[in-house]
Amino acid sequence: MTELTKEQLYRPGMEGIPACHSKIGFINGIEGVLEYRGYPIEALCKYSSFEEVSYLLLFAKLPSATELKAFKKDLKKARHLSAEVLALITSLPKTGHPMVMLQSVISALGLFDPHTDLRDEKKNYQSIVNVIAKTPSIIAAFDRYRQNAEPIEPDEELCHAANFLYMLNGHKPSELESKIFDVCLILHAEHSLNASTFSTRVTASTRNNPYISCSAGIGTLYGPLHGGANERVLEMLEAIGKVEFVKPFVEEKLAKKEKIMGIGHRVYRTKDPRSFILQDIARELFSQQNDNTLLDIALELEKVTGEKLSSKGIYPNVDFFSGLVYRILGFETDLFTPIFAAARTSGWCAHWLEQMEDNRLFRPSQIYDGDRNLSYTQVEDR
Ligand SMILES: CC(C)(COP(=O)(O)OP(=O)(O)OC[C@H]1O[C@@H](n2cnc3c(N)ncnc32)[C@H](O)[C@@H]1OP(=O)(O)O)[C@@H](O)C(=O)NCCC(=O)NCCS
């Protein structure tokens with residue numbers, strides 16, 4: 001068999017090119033299936049919790065009751081932020097985007113907790129627990145600081161989702177709010193080799209600890225074509241303003257060949273299975289509100305874009321409804337992506353562990369299209 005040339009192998013954005021073997025997340029983009037370690041996302045959202053799902057992702061099995069209890073205890077113990085980390089957070093500009101803050105502070109955790117020997121399994125475990133447990137505390141502390149408020153101490157009585165809500169909003173959530181947010185965290189915890197997970201694995205492959213590797217993932221997630229889309233969906237729905245403006249909005253966008261946020265996916269050619277679940281949650285939450293305008297605009301947008309784009313396999317993705325849910329839960333728009341990151345820490349750390357098990361440095365090649373062998377001209381002669 002003749003070997004393929006570089007040009008034959010090349011796919012812009014590495015689309016469809018396998019870059020690793022993995023046993024963590026499974027996606028069937030045609031049928032709209034998502035499974036974590038073989039368990040369908042629908043069952044995990046119904047019966048599990050973010051802590052249990054994190055354990056499953058990290059350790060490839062559902063925990064026993066004792067294992068889950070111990071893991072929850074470790075997470076709770078690690079939620080607290082030291083005075084030094086809080087001082088770092090409060091030294092940053094209040095006007096900065098919380099994702100930029102988060103990337104810097106997660107990376108800095110590795111300075112406060114040096115971790116260089118990656119053969120030390122206990123230390124690896126503690127760093128992973130720190131990243132998962134401290135990310136919500138960092139986001140909440142920054143949000144409080146920019147509102148000129150003191151950070152709220154984590155509450156050991158509360159589960160991961162409820163405590164995150166409590167630290168953000170300053171009051172203990174209802175059971176329904178806590179369950180809904182827990183489901184949101186589960187839905188965002190893992191999604192195979194997307195851009196941010198790839199960048200986490202690339203960074204891990206040079207033998208970096210989980211702090212630095214996840215900080216790379218956070219930077220990648222921030223972009224508007226990835227996690228940043230959820231913020232823009234809500235801004236878009238608010239800008240459209242009325243259901244009757246949806247159709248002209250879509251027509252104008254398509255005529256200008258501009259992307260509509262929250263629609264389309266590199267892997268799914270059908271509606272993202274996560275968006276079904278989020279859509280149901282959004283409906284439930286909006287049914288208790290006086291004003292349903294934003295949900296109605298979203299549903300009309302789904303209908304109109306469906307008429308125009310479904311033939312290309314372009315349907316709502318996870319970001320389409322998550323912003324609506326987050327708005328009702330009371331979050332500022334610029335916290336949507338950090339919350340996505342907080343959930344994704346468990347997926348990134350699972351990929352970190354998997355990368356370490358059988359590490360090979362990522363080093364793709366390129367096709368060089370530039371000049372060669374030019375003769376150098378002195379600056380004064382140019
Ligand atoms: C996610 C995304 C980058 C995937 O892109 P992709 O797999 O490269 O898809 P393509 O850009 O190849 O799109 C195929 C066709 O559908 C169109 N399309 C894709 N997403 C679209 C969108 N959101 N709005 C309008 N048209 C879209 C493309 O313009 C292209 O049309 P063409 O064949 O006439 O050129 C893209 O859908 C997008 O930018 N979506 C909006 C941002 C978003 O919601 N991101 C979150 C992802 S979870």
Side-chain angles (χ1 to χ4, degrees), residues 10-19 25 27-30 32-34 41 99 184-200 217-240 245-279 282 294 297-326 333-334 336-341 343-344 347-348:
Y10 171 62
R11 297 277 180 285
M14 289 183 71
E15 187 168 351
I17 307 268
I27 302 175
N28 179 328
I30 305 296
V33 174
L34 173 61
I41 190 72
M99 277 299 270
C184 293
L185 295 178
I186 293 172
L187 285 174
H188 288 83
E190 156 64 10
H191 210 237
S192 83
L193 204 63
N194 51 76
S196 59
T197 301
F198 184 41
S199 100
T200 302
I218 293 167
T220 310
L221 185 68
Y222 180 36
L225 296 188
H226 193 2
N230 56 14
E231 297 181 20
R232 284 162 182 87
V233 171
L234 203 74
E235 284 160 9
M236 172 183 74
L237 298 177
E238 284 168 343
I240 293 172
F245 297 155
V246 169
K247 204 164 180 221
F249 170 83
V250 172
E251 283 168 350
E252 191 185 333
K253 280 279 193 192
L254 296 184
K256 288 187 187 160
K257 294 213 166 296
E258 284 175 8
K259 295 262 166 70
I260 297 159
M261 290 292 119
I263 308 273
H265 198 275
R266 183 51 65 77
V267 180
Y268 293 116
R269 289 298 166 220
T270 184
K271 188 164 163 178
D272 186 328
R274 300 168 296 177
S275 72
F276 283 105
I277 300 171
L278 286 165
Q279 179 170 0
L294 285 180
I297 293 172
L299 294 173
E300 179 69 7
L301 191 66
E302 179 178 6
K303 187 173 141 239
V304 175
T305 53
E307 286 160 9
K308 300 194 182 290
L309 293 168
S310 60
S311 60
K312 294 184 184 177
I314 305 297
Y315 291 92
N317 59 47
V318 67
D319 295 316
F320 194 71
F321 291 106
S322 63
L324 289 171
V325 173
Y326 291 164
T333 311
D334 67 358
F336 296 177
T337 317
I339 288 166
F340 186 158
R344 189 53 61 85
W348 289 331

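Both counts, for ligands and for their atoms, begin at 1 and track the order of listing.
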Any N or O of E15 closer than 3.5 Å to N or O of ligand 1: no
How far is atom 11 (O) of ligand 1 from its nearest protein heavy atom, and which residue and atom name does that atom have? K259 NZ, 3.3 Å
Can you confirm, on distance only, whether ligand 1 has an N/O atom lying under 3.5 Å from any N/O atom belonging to H226? no
Yes or no, since that's all I need: does a protein heavy atom fall within a distance strictly under 4.0 Å of atom 38 (C) of ligand 1? yes
Enumerate the atoms of ligand 1 whose separation from the nearest heavy atom of R269 is less than 4.0 angstrom. 7 (O)
Just which atoms of ligand 1 are under 4.0 Å from any heavy atom in H265? 4 (C), 7 (O), 37 (O), 48 (S)
Is the shortest N/O to N/O distance between V318 and ligand 1 below 3.5 Å? no
Do any nitrogen or oxygen atoms of L254 lie less than 3.5 angstrom from nitrogen or oxygen atoms of ligand 1? no
Under the 4.0 Å line, does any protein heavy atom show up next to atom 9 (O) of ligand 1? no
Does any N or O of ligand 1 fall below 3.5 Å from an N or O anywhere on K257, backbone included? no
At a 4.0 Å threshold, what atoms of ligand 1 neighbour a non-hydrogen atom of D319? 46 (C), 48 (S)
Are the side chains of K308 and I260 in touch, meaning some heavy atoms are under 4.5 Å apart? no
What part of I263, side chain from CB on, backbone N/CA/C/O, both or neither, has a heavy atom under 4.0 Å from ligand 1? both
Heavy-atom nearest option to atom 23 (N) of ligand 1, drawn from I260, D272, T305: I260
Sub-4.0 Å atoms of ligand 1 with respect to non-hydrogen atoms of L225: 39 (O), 45 (N), 46 (C), 47 (C)
